[in-house]
Amino acid sequence: MLNPYKLMYDAEMTVRRWKEAERDGYTGNKLEVVAEKIPCRYSVSGQVSIGTPNPSIQNSHTLFCGLDEDIREGDQIEIRLRTGKLVTATLGECHPYTFQWQCEVKRDDNA
């Protein structure tokens, strides 16, 4: 199915996921790249300042991408915006709509 919103995807993302890996006889988790250069749209939803004495800025953003992408809650994502800026975040809850995924994105910054 043709996604009419794909024209608005002005960023690309790399998706990393924690996977079980064995090293030197021990089992642990390793962050592995699942997909690269996925077209997406990164949208700012709001900001909240919390905490003292070192205030933290908790941003609320939304990410949109095609339904055929393999993304899951908890994935670590790296988004390259059209300006070249790189944003690192964690995927929250994702909702499938008719043509695209709409996902909450969590990103914490110190003030």
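Values below: every heavy atom of this structure, side chains too, minus hydrogens, waters and symmetry copies.
Between Leu31 and Gln76, the shortest heavy-atom contact is CD1-CG, 3.9 Å. Taking every heavy atom of both residues into account, Pro39 and Tyr9 meet most closely at O-CD1, 3.8 Å. Nearest heavy-atom pair, Arg41 versus Arg82, reported as atom, atom and distance to 0.1 Å: NH1-NH1, 4.1 Å. When all heavy atoms are compared, the tightest approach of Asp75 to Arg72 is OD2-N, 2.8 Å. Scanning both residues, Gly66 and Asn3, for their nearest heavy atoms gives CA-ND2, 4.0 Å. When all heavy atoms are compared, the tightest approach of Phe64 to Ser43 is CE1-CB, 4.1 Å.
Within a 6.0 Å radius of OH in Tyr5, other residues, nucleotides and ligands contribute 12 heavy atoms or fewer.
Each of Val87 and Val33 belongs to its own hydrophobic cluster when Ile, Leu, Val, Met, Phe, Trp and Tyr are linked at side-chain heavy-atom distances under 4.5 angstrom. Under a hydrophobic clustering in which Ile, Leu, Val, Met, Phe, Trp and Tyr are joined whenever their side-chain heavy atoms come within less than 4.5 Å, directly or via other members, Ile38 and Leu81 fall into the same cluster.
Inter-residue side-chain proximity for Glu12 and Lys37 is flagged as met; some heavy-atom pair is nearer than 4.5 Å. By the 4.5 Å heavy-atom criterion applied to side chains, Leu86 and Glu78 are counted as neighbours. Side-chain contact check for Glu20 versus Thr27: some heavy-atom pair is nearer than 4.5 Å. Counting only heavy atoms from C-beta outward, the side chains of Arg16 and Ile77 never approach each other to under 4.5 Å. Between Ile79 and Lys85 the shortest side-chain heavy-atom distance does not fall below 4.5 Å. Residues Asp70 and Val34 have side chains in contact (heavy-atom distance under 4.5 Å, counting atoms from C-beta outward). Considering only heavy atoms from C-beta on, Leu63 comes within 4.5 Å of Leu91 through its side chain.
Side-chain contact, Asp10 with Tyr42: no donor N or O sits under 3.5 Å from an acceptor N or O.
With 2.5 angstrom as the limit on SG-SG distance, Cys103 and Cys94 come in below it.
The structure places NZ of Lys106 at 11.5 Å from NE2 of His61, a figure rounded to the nearest 0.5 Å.
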